[in-house]
Amino acid sequence: MNDMSAAQKDILVADLKRVLADAEALLKATAGDGAEELLQVRGRLQATLSQAKDGLIEAQAAVVDKAKAAAKATDGYVHENPWKAIGVAAGVGLLLGVVIGRR
């Protein structure tokens, strides 16, 4: 998962949230059914959903912590090396201008 981009991780988290919401809706929709096997499956599904939610919350917190750490490190670097940061930003702006200008 380390090779995934931030956008891919955000998409994955959104997909997992949708799956969890759909599974919860399914549980609510089948709440009135009383078959013994269905009750057992519902119980296992509820336990799995609970674990998945906890894992998703932990993963989301870890991603937020990493993003905050990266932003803090970038901020520190820019404060220590303002002219280098300005040069890099100007270079990136120049490259983007050239690329956009060719279209």
Side-chain angles (χ1 to χ4, degrees):
M1 249 177 116
N2 290 336
D3 295 338
M4 294 178 72
S5 71
Q8 289 172 323
K9 288 180 184 179
D10 290 341
I11 291 170
L12 178 61
V13 167
D15 289 345
L16 285 173
K17 285 182 180 180
R18 277 195 298 273
V19 168
L20 290 173
D22 290 347
E24 286 177 334
L26 179 62
L27 282 174
K28 288 178 184 175
T30 60
D33 295 342
E36 182 64 33
E37 289 179 25
L38 185 59
L39 291 174
Q40 290 175 356
V41 170
R42 286 186 75 243
R44 288 194 308 264
L45 182 57
Q46 284 177 329
T48 303
L49 277 174
S50 178
Q51 290 174 349
K53 277 184 177 180
D54 292 343
L56 186 58
I57 289 169
E58 289 175 11
Q60 196 170 14
V63 168
V64 168
D65 289 343
K66 285 183 181 180
K68 285 181 181 179
K72 193 173 189 176
T74 302
D75 185 55
Y77 179 81
V78 169
H79 279 93
E80 291 173 9
N81 304 296
W83 291 109
K84 284 183 183 178
I86 291 170
V88 168
V92 170
L94 178 66
L95 287 175
L96 285 174
V98 168
V99 170
I100 292 172
R102 288 189 179 193
R103 289 186 182 186

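Annotation for Ile86: hydrophobic cluster partners, listed by chain and number, are Trp83 (ILVMFWY side-chain heavy atoms under 4.5 Å, direct or chained). Annotation for Leu96: hydrophobic cluster partners, listed by chain and number, are Val88, Val92 (ILVMFWY side-chain heavy atoms under 4.5 Å, direct or chained).
Contacts of Arg102 classified as salt bridge (charged side-chain N to carboxylate O under 4.0 Å, His left out), with partners at least two apart in sequence or in another chain: none. Every residue meeting the side chain to side chain donor-acceptor pair (under 3.5 Å) condition with Asp75, not counting sequence neighbours, appears here in chain and number order: His79.
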